[in-house]
Amino acid sequence: MTTERYNIKAAEAKWQKSWSDQDVFTVKEDTSKEKYYVLEMFPYPSGRIHVGHVRNYTLGDVVARYRHALGYNVLHPMGWDAFGLPAENAAIERGEHPGKWTRENIAQMREQLKSMGLSIDWSREVATCDPDYYRHEQAMFLKFLEKGIAYRKEAVVNWDPVDNTVLANEQVIDGKGWRTGAPVERRKLNQWALKITDYAEELLEDVKKLERWPEKVRIMQENWIGKSQGLQFKWNIIGSEDQIEVYTTRPDTLFGASFVALAPDHPMSAALAGNKNGFDAFIKACQAQGTSEAAIEQAEKLGFDTGLQATHPLLGREVPIYIANFILMDYGTGAIFGVPAHDQRDFDFAKKYNLPIQQVISSAEEIDLNKESYSGAGKLINSQFLDGLEIAEAQAEIIKRCENDNSGFGVTKYRLRDWGVSRQRYWGCPIPIIYCDDCGVVPVPAAQLPVTLPEDVSFDKPGNPLAHHPSWKHVNCPSCDKPATRETDTFDTFFESSWYQFRYCDPQNDTQPIALDKADYWMPFGGGVEQYIGGVEHAVLHLLYARFFTKAMRDCGIVNTSEPFTGLFTQGMVTHETYQDEAGKWLLPSETLKNDDGTTVHVQTGKPVTVGATIKMSKSKKNVVDPEEILGTYGADAARLFILSDSPPERDLEWTESGIEGAWRYINRLHRLITENMHKLSPAGAQPAEDKATTEILRAAHATIKGVGADIDNFQMNKAVARIREFSNAIDKFLKDSAGSDTAIPREVFEILLQLIAPMMPHLAEELWHLLGHETLIYNQMWPKANEALLANDTVTIGVQVNGKVRATITMPKDADSKAFENEALAQDTVKAAI
RNA sequence: GGGCCCGUGGCGGAAUGGUAGACGCUGCAGACUUAAAAUCUGUUGUUCGUAAGAGCGUGCCGGUUCAAGUCCGGCCGGGCCCACCA
């Protein structure tokens, strides 16, 4: 018998064409079916997909195909997060227009994704740089402005003095601009911001309810929002009318206060310092101070003594006033009172400036206040009316007294800051605002939207090309028609990714971001995207912004949804070994060769190569593999299978050559398993034989249906793959055992196998399904139902332990009583011997 | 400094408190082949033993339990996130 070897390339292309020709992935609202929205974080169109994308989209595709087979109306879209800096950098480096560069990249990446065989409804594709996308964003921004959710404020930003642009925090490395290396300046600029702080409490309360989010991400968001409760009150300045307002979460330690300190950039600091010598130098030193982790750890606590004293309004305590480098203007009120005995920073400061260290919390454990502060539990001492109280009681008491006395009040604060959305960049969505000398800030009228980017821009000057453009920014004021200028800033690119999940539901709508009825179908009040999948690196920024945006859209009447993503899965990274040649130069995995003796050498020179740590794939360490090469060599199914096989999806996945080869071998083995045994298939419609082997293989089939379904539900794709391999091994054994006899393999067994592999290896499943004689696509086949009657196992095998050691195993009827188990156990020779 | 997660063979990893190591990768031995590749078969925690078999084994110490990789307490080690946040 001759069997043709499985031609992976031809088969994968053929079935991709079939899916496309039959338009099976296009989806419409259908109220007769339950919907299921599967979404993976959309890619930035950098030009080529990387293995992280392959992992992300494979995971999503398994869920989408599985849910579709279960009968859900599945929405599984794809798009492009297309605005951003790399496009501008490419423009600067190669003189290409960012739009052209981006669109070419999209075209290339779309083809790469299609070659993975993803079940994506490409008719819903969106690119955020498309005016038809961002016009709605501009309209929403104007609604936010009306509602008071968007506002203009003066904010301190990271300013690169060489490029003349604002940098994001991530673009500041050790206090220097990432591109220019110039020391970053802190500058005050007028910026548009969104009032995410108004939503702090709702964001915090709701994130606790997102049960299908990883605990880790929920905690990260909670920490980021940073709710704290404390006391806010004012200290009087001796010899002045002014007061210093402070915030503390430890009002109980008030009697231990030995100083009051203000942030260097606190509005009162300069006045308090007066014209004392050294203040300017002190401020300069504070500004020069790095913000990196290392810098903070090494930084000495520095203070500037104003020479003034402050008194507590309720208690009359008198303490010196300092300006200190470790006080942050962005948190609380930008001023504190210091309690050296119970706060380590205050302790360090007190040691340096010889301030008193007064203990007010006692503890059973030993406290040495010469060495360090004590911040644990205990009872109040040295605190007059608070003495003897527990910390929590003391806090309540002091807040009560201050409130009665009107000298202070209990207050809830959040660490969360408003979201500054202005960027001095070209390749972003223009902010639809016009500035008029007479009318001030004028929103662009709805009829004039979208404000589109000019095509003819030059990048030869540093700074924002929109500001340099000769004509773009000059317009007439919409209200008085006098000459006016446009806002030349563009939105932060997180703006686009904050609402794209809605746009996929109604991508062609040119009057609204999304029609309400479509939003209500796909992203109803009770929940949005059932399954969102992406990297954990977006745990805070993107996922918090998108949650906020959804609530803001809801409050503007655009949607009824409160939470965009009801289910979230964060995948692990893809890692790879690293390689260096003798000179220490990093080598690509494809430049190395493993010898049989275990050594690794350079593929061309044959010189030894040092194999280094297995770390996240990165261009700089060159430990990357190109998905296009993998797909070309092994095919999409093998790549998908390997990605799903070994590591649990939430953990890091080590990419290995032997692993992908193993997956490829299994694809071929499955193909042979079916094609070489077609003649053993039972005829269609025949009742299965009732012999033991046939019953066992059917039982295995149905147990596998149940297990694989549960595994996919639980995102344990590696277990699903193991189960399928176990099942195919069982089929293999069945066929070998029955060789020579006329025992048929039930057709159902092969069909179940193919249906179970279909979400993971869709091309192979279609190919073999077709070879079994089916005219319809396996994609449209309903997921098989496990036959519970077959699964009901009537015997059970248990281990018998004596003194904690397994001495025997016994197999008993499941409904046997405990006495029967006991008798059988005691009858075992090994058990008798052990007793 | 705060928070979270994880420690199981040579490796990735399985295991509702109930036969630890499923499934794979690697290695080893063999079959087929002139040879190689591919494929197939066997084997692969560790120690002792020719073998049958026996002992030891889930980072360490203790606890709960008839029974612990799993639950509890305390250590040790590794990773991630946040952070002069008052």
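Just so it is clear, the structure is predicted and the values come from calculations on it, not from any experiment. Quick note: numbers below take in every heavy atom, side chains included, and nothing from hydrogens, waters or symmetry partners.
- For the pair D348(A) CG and rG1(B) P, the interatomic distance rounds to 12 Å; values are reported in whole Å.
- One finds a side-chain N or O of Y331(A) lying less than 4.0 angstrom from the OP1 or OP2 phosphate oxygen of rA86(B).
- Between the CG atom of L543(A) and the C1' atom of rC81(B) there is a distance of 14 Å, rounded to whole Å.
- Residues D418(A) and T197(A) bring a donor and an acceptor atom of their side chains to less than 3.5 Å of each other.
- Using atom P as the reference point in both rU70(B) and rG62(B), the two lie 14 Å apart (nearest Å).
- One interatomic measurement links the two molecules: CD of E215(A) to C1' of rC80(B), which rounds to 15 Å at whole-angstrom precision.
- Side-chain to base pairing of K301(A) with rC84(B): one donor and one acceptor N or O lie within less than 3.5 Å of each other.
- Remark: of the listed residues Q344(A), R345(A), K351(A), Q344(A) is the sole one forming a side chain to side chain donor-acceptor pair (under 3.5 Å) with D348(A).
- Per the geometry, CG belonging to L544(A) stands 13 Å off P belonging to rC82(B), to the nearest Å.
- Nucleic acid contact for D330(A): none, since no nucleic acid atom lies under 4.0 Å from a heavy atom of the residue.
- Not less than 6.0 angstrom separates the ring centroid of F337(A) from the ring centroid of H312(A).
- Side-chain atoms of K413(A) and Q229(A) form no donor-acceptor pair, as typed in the model, at a separation below 3.5 Å.
- When the side chain to side chain contact (heavy atoms under 4.5 Å, CB included) test is applied to K9(A), the partners found at least two apart in sequence or on another chain are N7(A).
- rA54(B) is paired with rU47(B) under the Watson-Crick or G-U wobble criterion, all donor-acceptor distances under 3.5 Å.
- Checked options V51(A), D652(A), L653(A), N623(A); the residue passing with T575(A) is D652(A) (criterion: side-chain contact (heavy atoms from CB on, under 4.5 Å)).
- Using Watson-Crick or G-U wobble geometry with both donor-acceptor distances under 3.5 Å, rC25(B) finds its partner in rG10(B).
- Nucleic acid contact class of K719(A) (heavy atoms, under 4.0 Å, all strands): sugar-phosphate only.
- Under 4.0 angstrom from either OP1 or OP2 of rC25(B) there lies at least one side-chain N or O belonging to R665(A).
- At a threshold of 4.0 angstrom between heavy atoms, the contacts of R725(A) are confined to the sugar-phosphate backbone, with no base atom among them.
- At a threshold of 4.0 angstrom between heavy atoms, the contacts of D343(A) with the nucleic acid are absent.
- Here, rG10(B) and rC48(B) have their P atoms 15 Å apart, quoted to the whole Å.
- In textbook terms, a nucleotide whose glycosidic angle is within 90° of 0 is syn, while rG78(B), being further out, is anti.
- As judged by a 4.0 angstrom heavy-atom cut-off over every strand, K616(A) is placed among residues making no nucleic acid contact.
- Nucleic acid contact class of L328(A) (heavy atoms, under 4.0 Å, all strands): base.
- Of the side-chain N and O atoms in N325(A), none sit less than 4.0 angstrom from OP1 or OP2 of rC84(B).
- With salt bridges taken as basic N to acidic carboxylate O contacts below 4.0 Å, none links K208(A) and E222(A).
- At least one side-chain nitrogen or oxygen of R345(A) sits closer than 4.0 Å to the OP1 or OP2 atom of rC85(B).
- The nucleotide rG18(B) finds its pairing partner in rC66(B), both defining distances of the Watson-Crick or G-U wobble pair being shorter than 3.5 Å.
- Look at CD1 on I643(A): it is 16 Å from C1' on rG24(B), rounded to the nearest Å.
- Using a 4.0 Å heavy-atom cutoff across all strands shown, R723(A) reaches no nucleic acid atom at all.
- Going from atom CG of L416(A) over to atom P of rC85(B) covers 17 Å, rounded to whole Å.
- Using a 4.0 Å cut-off, no side-chain N or O of N223(A) falls inside it from OP1 or OP2 of rC4(B).
- When the C1' atom is compared between rG18(B) and rA68(B), the two are found 10 Å apart, to the nearest whole Å.
- Regarding contacts with the backbone of rU41(B), a side-chain N or O of K736(A) is found under 4.0 angstrom from either OP1 or OP2.
- Comparing T249(A) and K216(A) by the nucleotide of RNA chain B whose heavy atom lies nearest to each, the residue mapping closer to the 5' end is K216(A).
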Please enumerate all protein N or O atoms sitting under 3.5 Å from an N or O of nucleotides 7-12 of chain B, with distances to 0.1 Å.
residue : atom : partner : partner atom : Å
rG12(B) : O2'  : S647(A) : OG           : 3.1
rG12(B) : N2   : D646(A) : OD1          : 3.4

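- For rC40(B), one of the phosphate oxygens OP1 or OP2 lies less than 4.0 angstrom from a side-chain nitrogen or oxygen of R669(A).
- A side-chain contact (heavy atoms from CB on, under 4.5 Å) with L641(A) is found for one member of V721(A), I660(A), I724(A) and no other, namely V721(A).
- Note: Y634(A) and W664(A) have perpendicular aromatic rings, judged against thresholds of 30 and 60 degrees for the angle between ring planes.
- Closest to the N729(A) side chain, of the nucleotides rA86(B), rG24(B), rC85(B), is rG24(B).
- Here rA86(B) is the nucleotide among rA86(B), rA22(B), rC4(B) with the atom lying nearest to any side-chain atom of I336(A).
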